[in-house]
Engineer: 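Pasting in a structure now, in structure tokens, and then I'll have a few things to ask.
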Amino acid sequence: MPKEREACGRCSMSVAVDVANSDRDADERAARDPYGDARIEVDEKQLRTLSPSAWLEGLSSRLDDLANRLVWRQ
């Protein structure tokens, strides 16, 4: 049976985790499983509130809109 992989595009992380865990026994691997129950999940609203990238994107969009209004007098 093929090994189950995540469907979110983090394949390189799966490979790195597999390599890092290759010399550990099953109990050690279970304790350090990045896809286990203790994973970090952030909802989209909270991410947009806290992310500097989202802040800059919003600022950039507003500045772009302002520049378009000034240039095209809309």
Side-chain angles (χ1 to χ4, degrees):
M1 181 154 102
K3 186 172 183 177
E4 187 176 324
R5 300 278 182 195
E6 67 280 354
C8 63
R10 295 182 294 180
C11 294
S12 61
M13 184 176 169
S14 293
V15 171
V17 169
D18 289 346
V19 169
N21 284 332
S22 63
D23 62 341
R24 294 193 169 106
D25 64 18
D27 291 332
E28 288 177 315
R29 283 193 301 268
R32 300 176 54 93
D33 181 12
Y35 307 112
D37 294 334
R39 70 175 96 178
I40 298 171
E41 296 289 335
V42 180
D43 68 296
E44 185 176 346
K45 183 178 177 183
Q46 186 179 21
L47 179 63
R48 290 196 178 277
T49 302
L50 300 175
S51 170
S53 175
W55 282 73
L56 291 174
E57 179 184 349
L59 178 62
S60 173
S61 295
R62 282 179 273 173
L63 287 173
D64 189 41
D65 290 343
L66 175 63
N68 278 327
R69 283 195 305 269
L70 289 174
V71 169
W72 301 108
R73 304 222 184 257
Q74 292 179 347

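Only a predicted model underlies this, so the values are computations on that prediction, with no experimental measurement involved. When reading the values below, keep in mind they use all heavy atoms of this one structure, side chains included, and skip hydrogens, waters and symmetry mates.
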Engineer: Could you pull out all residues at least two apart from E44 that satisfy side-chain hydrogen bond (donor to acceptor under 3.5 Å, both in side chains)?
Structural biologist: R48
Engineer: Would you find a donor on one side and an acceptor on the other, under 3.5 Å apart, between the side chain of W72 and the backbone of A67?
Structural biologist: no
Engineer: So with a 6.0 Å cut-off around CD of E57, is the heavy-atom count from everything else above 12?
Structural biologist: no
Engineer: My understanding is that only residues two or more places apart in sequence, or in another chain, count here; which of them pass side chain to side chain contact (heavy atoms under 4.5 Å, CB included) with D64?
Structural biologist: N68
Engineer: Mind checking the OG-CG spacing from S60 to D65? Nearest 0.5 Å is all I need.
Structural biologist: 9.5 Å
Engineer: List for me each residue that meets side chain to side chain contact (heavy atoms under 4.5 Å, CB included) alongside D43, sequence neighbours excluded, and say none if there are none.
Structural biologist: K45, Q46
